[in-house]
Amino acid sequence: MRIGITGASGLVGRALTKLAVAKGHQVVAFSRSPESKIDGASETRDFQVPDNARVDDLDAIVHLAGEPILGWWSQTKRDRIRDSRVSGTAGVVEAIRRCAESKRPGVLVCASGSGYYGDRGDEVLDEDADAGFGFLAQVCREWEAAASRVDDHGVRWVSARTGMVLGSEGGAAPLLEKLFKFCLGGRLGSGDQWVPWVGLEDTARMYLHCVENQSIHGPVNFVAPHPVTNAEFTRVIAEQVNRPAVAPAPAPLLRLVLRDMSDMLLFSQRLDPQQLRLQKFEWLAPDLDVAVRRAMGGAEKN
């Protein structure tokens with residue numbers, strides 16, 4: 001297949017490109033800097049104006065591009081988070097619409113986030129669960145609505161509600177490793193909140209699985225099958241780096257310092273990857289200790 005990937009230079013994009021090429025697919029990268037070379041991609045196309053992206057010779061599009069969530073959530077940052085996802089996805093759908101019907105990609109797999117569900121305590125959340133409340137939940141609702149409109153043009157769509165991605169080359173894991181090695185790691189708030197997480201390799205495999213399997217349609221929870229609480233998450237990382245988790249952060253302090261961004265750390269989301277279970281997807285890292293060892297360079301236990 002010829003698979004177009006936006007955000008191909010990011011953590012997930014690099015892993016997906018490598019996997020897709022290894023499985024015999026051809027990758028066309030889309031970038032706001034089209035002169036840059038993306039390892040593994042056969043070519044890089046202009047993505048400065050998503051509506052004008054050339055997509056008429058692709059079998060599938062995986063849309064990963066978006067403003068990073070991490071950083072101070074000023075109003076300007078919030079606008080960039082929302083617009084890059086909602087308007088950017090609407091642009092991709094418009095580019096597909098402009099194609100002759102016979103030349104449209106067969107599927108659009110669009111990133112989304114576990115933030116869709118808001119703060120839900122101990123409730124088990126499969127893909128049929130209602131949306132939650134808060135800034136990220138609203139962004140995810142609008143983001144998915146924009147992607148779903150590709151249905152009107154005869155193109156299958158998938159929204160990947162992704163948890164915290166753990167990989168050695170970026171994302172949360174390297175930062176957490178450094179914090180814990182300097183004894184600055186600890187549980188957040190009560191530690192009772194559920195943390196949706198997934199290994200990087202499994203994330204790439206989930207995207208390709210959704211591209212290749214025509215029976216998958218709509219939202220899919222991109223998470224590992226065994227969720228953990230923040231307290232357990234903290235314990236596993238501390239054990240991996242051989243440091244005590246001695247710096248708990250009280251919820252009121254996090255809310256005072258980080259304001260709305262503290263939702264990312266304190267909201268409880270106990271996701272169940274029901275759709276992937278039904279597809280009999282096999283995780284390489286179904287348990288957190290395995291994923292953390294992979295992400296932080298440790299050898300796996302037998």
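No experiment lies behind these values; they were computed from the predicted model shown.
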**OP:** Take His226 and Trp283 through the side-chain contact (heavy atoms from CB on, under 4.5 Å) test and state the conclusion after the steps.
**Re:** CA-CA 11 Å; His226 301 141; Trp283 282 262; over 6 Å; no

Subject >> Nearest-0.5 Å distance that lies between atom CE in Met261 and atom CG in Leu70 >> reply: 6.5 Å

**OP:** Evaluate the side-chain proximity of Thr162 to Met206: yes if any heavy-atom separation is below 4.5 Å, no if none is.
**Re:** no

**OP:** Of all the heavy-atom pairs spanning Leu200 and Gly167, show the shortest one and how long it is.
**Re:** CB-CA, 3.8 Å

**OP:** For Ala238 and Pro244, work out which heavy atoms get closest and say how close.
**Re:** CB-C, 4.5 Å

Original post:
Are Leu188 and Trp73 connected in the hydrophobic side-chain network, where two residues link if heavy atoms are under 4.5 Å apart?
Top reply: yes

Original post:
Yes or no on side-chain contact (heavy atoms from CB on, under 4.5 Å) for Ser42 and Val28, after CA distance, side-chain angles and deciding distance?
Top reply: CA-CA 6 Å; Ser42 61; Val28 174; 4.0 Å; yes

**OP:** Please report the C-alpha distance between Arg187 and Thr234 in whole Å, then the side-chain angles of each, then the deciding distance to 0.1 Å, and finally whether the side-chain hydrogen bond (donor to acceptor under 3.5 Å, both in side chains) criterion is met.
**Re:** CA-CA 6 Å; Arg187 62 173 172 77; Thr234 299; over 6 Å; no

Original post:
Does some side-chain heavy atom of Gln240 sit less than 4.5 Å from a side-chain heavy atom of Val236?
Top reply: no

Original post:
Is Lys18 atom NZ crowded by more than 12 heavy atoms from other residues, nucleotides or ligands, each under 6.0 Å away?
Top reply: no

Original post:
Where is the tightest heavy-atom contact between Gly171 and Pro174, given as atom of each residue plus distance?
Top reply: O-CD, 3.6 Å

Subject >> Atom pair CZ/CD1 of Phe30 and Ile61 - distance to nearest 0.5 Å >> reply: 6.0 Å

**OP:** List the steps and the verdict of side-chain contact (heavy atoms from CB on, under 4.5 Å) for Leu11 and Glu169.
**Re:** CA-CA 7 Å; Leu11 177 67; Glu169 298 180 1; 4.2 Å; yes

Original post:
So, does Ser31 use its side chain to make a donor-acceptor pair with the main chain of Ser33 at under 3.5 Å?
Top reply: yes

**OP:** Would you please test Arg205 and Glu201 for salt bridge (charged side-chain N to carboxylate O under 4.0 Å, His left out) and show each step?
**Re:** CA-CA 6 Å; Arg205 293 173 62 245; Glu201 291 174 277; over 6 Å; no

Original post:
Does a side-chain heavy-atom distance below 4.5 Å link Ile5 with Thr17?
Top reply: yes

Original post:
Any side-chain donor-acceptor pair under 3.5 Å between Thr89 and Trp143?
Top reply: yes

**OP:** Could you check Leu64 against Tyr207 for side-chain contact (heavy atoms from CB on, under 4.5 Å), going step by step and ending with a plain yes or no?
**Re:** CA-CA 10 Å; Leu64 303 172; Tyr207 272 105; 3.4 Å; yes

Subject >> Stepwise salt bridge (charged side-chain N to carboxylate O under 4.0 Å, His left out) check, Arg85 with Glu142 >> reply: CA-CA 9 Å; Arg85 287 161 173 75; Glu142 295 180 23; over 6 Å; no

**OP:** Check the pair Arg161 / Glu127 against salt bridge (charged side-chain N to carboxylate O under 4.0 Å, His left out), numbers first and verdict last.
**Re:** CA-CA 9 Å; Arg161 295 174 180 168; Glu127 290 85 353; over 6 Å; no

**OP:** Return yes when atom CZ of Arg277 has more than 12 non-hydrogen atoms of other residues, nucleotides or ligands closer than 6.0 Å, and no otherwise.
**Re:** yes

Original post:
Are the side chain of Arg120 and the backbone of Gln269 linked by a donor-acceptor contact shorter than 3.5 Å?
Top reply: no

Original post:
With sequence neighbours left out, what residues match Asp151 under side chain to side chain donor-acceptor pair (under 3.5 Å)?
Top reply: Trp157, His217

Original post:
Which pair of heavy atoms, one from Ser9 and one from Arg14, lies closest together, and at what distance?
Top reply: O-NH1, 2.8 Å

Original post:
Within a reach of under 6.0 Å around CD of Glu282, are more than 12 heavy atoms found that belong to other residues, nucleotides or ligands?
Top reply: no

**OP:** Indicate yes or no: at least one non-hydrogen side-chain atom of Leu276 is less than 4.5 angstrom from one of Val220.
**Re:** yes

**OP:** Rounded to the nearest 0.5 Å, what's the gap from CG on Leu16 to CD1 on Ile3? Could you check?
**Re:** 6.5 Å

Subject >> Spatial distance of atom OG (Ser84) from atom CD (Glu67) [nearest 0.5 Å] >> reply: 5.5 Å

Original post:
Within the side chain of Thr44, is there an N or O that forms a donor-acceptor pair under 3.5 Å with the backbone of Ser36?
Top reply: yes

**OP:** Report whether Val12 and Val21 are members of the same hydrophobic cluster (ILVMFWY, side-chain heavy atoms less than 4.5 Å apart, transitive linking).
**Re:** yes

**OP:** Answer whether the closest heavy-atom distance between the side chains of Gln275 and Gln279 falls below 4.5 Å.
**Re:** no

Original post:
Under the 3.5 angstrom rule, does the side chain of Ser268 hit a backbone N or O of Trp194 as a donor-acceptor pair?
Top reply: yes

**OP:** Starting at CD1 of Ile69, measure out to CE of Met264 and round the result to the nearest 0.5 Å.
**Re:** 6.0 Å

Original post:
Does Val223 share a hydrophobic cluster with Val109, counting links as ILVMFWY side-chain heavy atoms below 4.5 Å and allowing steps through other members?
Top reply: no

Original post:
Among side-chain atoms of Asn221 and Tyr117, is any donor-acceptor pair under 3.5 angstrom?
Top reply: yes

Subject >> Presence of salt bridge, Arg149 and Asp152, under 4.0 angstrom >> reply: no

Original post:
Counting only heavy atoms not in Asp39, do more than 12 fall under 6.0 Å of its CG?
Top reply: no

Original post:
Cluster question for you: counting only ILVMFWY and a side-chain heavy-atom cut-off of under 4.5 Å, with indirect links fine, are Phe267 and Leu136 together?
Top reply: no

Original post:
At what distance, to the nearest 0.5 angstrom, does CZ of Arg235 lie from OG1 of Thr229?
Top reply: 9.5 Å

Original post:
Distance only, no hydrogens: is a donor on one side chain within 3.5 Å (strictly under) of an acceptor on the other, for Arg32 and Gln48?
Top reply: no

Subject >> Side-chain donor-acceptor contact under 3.5 Å, Glu212 with His25 >> reply: yes

Original post:
salt bridge (Lys or Arg N to Asp or Glu O under 4.0 Å) with Arg156: which residues, sequence neighbours excluded?
Top reply: none

Original post:
Transitively linked via ILVMFWY side-chain contacts under 4.5 Å: Val86 with Leu108?
Top reply: no

Original post:
Can Arg78 be said to sit on top of Phe135's aromatic six-ring, NZ or CZ under 6.0 Å from centre and within 45° of the ring axis?
Top reply: yes

Subject >> Ion pair Glu177/Lys181, N-O distance below 4.0 Å >> reply: yes

**OP:** Evaluate the criterion salt bridge (charged side-chain N to carboxylate O under 4.0 Å, His left out) for residue pair Arg45 and Glu43; output intermediate values, then yes/no.
**Re:** CA-CA 7 Å; Arg45 296 181 183 175; Glu43 62 176 299; 3.2 Å; yes

**OP:** Heavy atoms only: give me the nearest Pro105-Val155 pair and the separation to one decimal.
**Re:** O-CG2, 3.3 Å

Original post:
Do Val55 and Cys99 touch side chain to side chain, with heavy atoms closer than 4.5 Å?
Top reply: yes

**OP:** Test Gln138 against Arg141 for side-chain hydrogen bond (donor to acceptor under 3.5 Å, both in side chains), laying out the working first.
**Re:** CA-CA 5 Å; Gln138 179 64 31; Arg141 286 198 300 272; 2.2 Å; yes

Original post:
Charged N to carboxylate O below 4.0 Å: is that the case for Lys103 and Asp57?
Top reply: no

**OP:** Specify the closest pair of heavy atoms between Gly163 and Val198, including all atoms of both residues, with the distance to one decimal.
**Re:** O-CG1, 4.3 Å

Subject >> Backbone N/O of Gly121 and side chain of Arg270: donor-acceptor pair under 3.5 Å >> reply: no

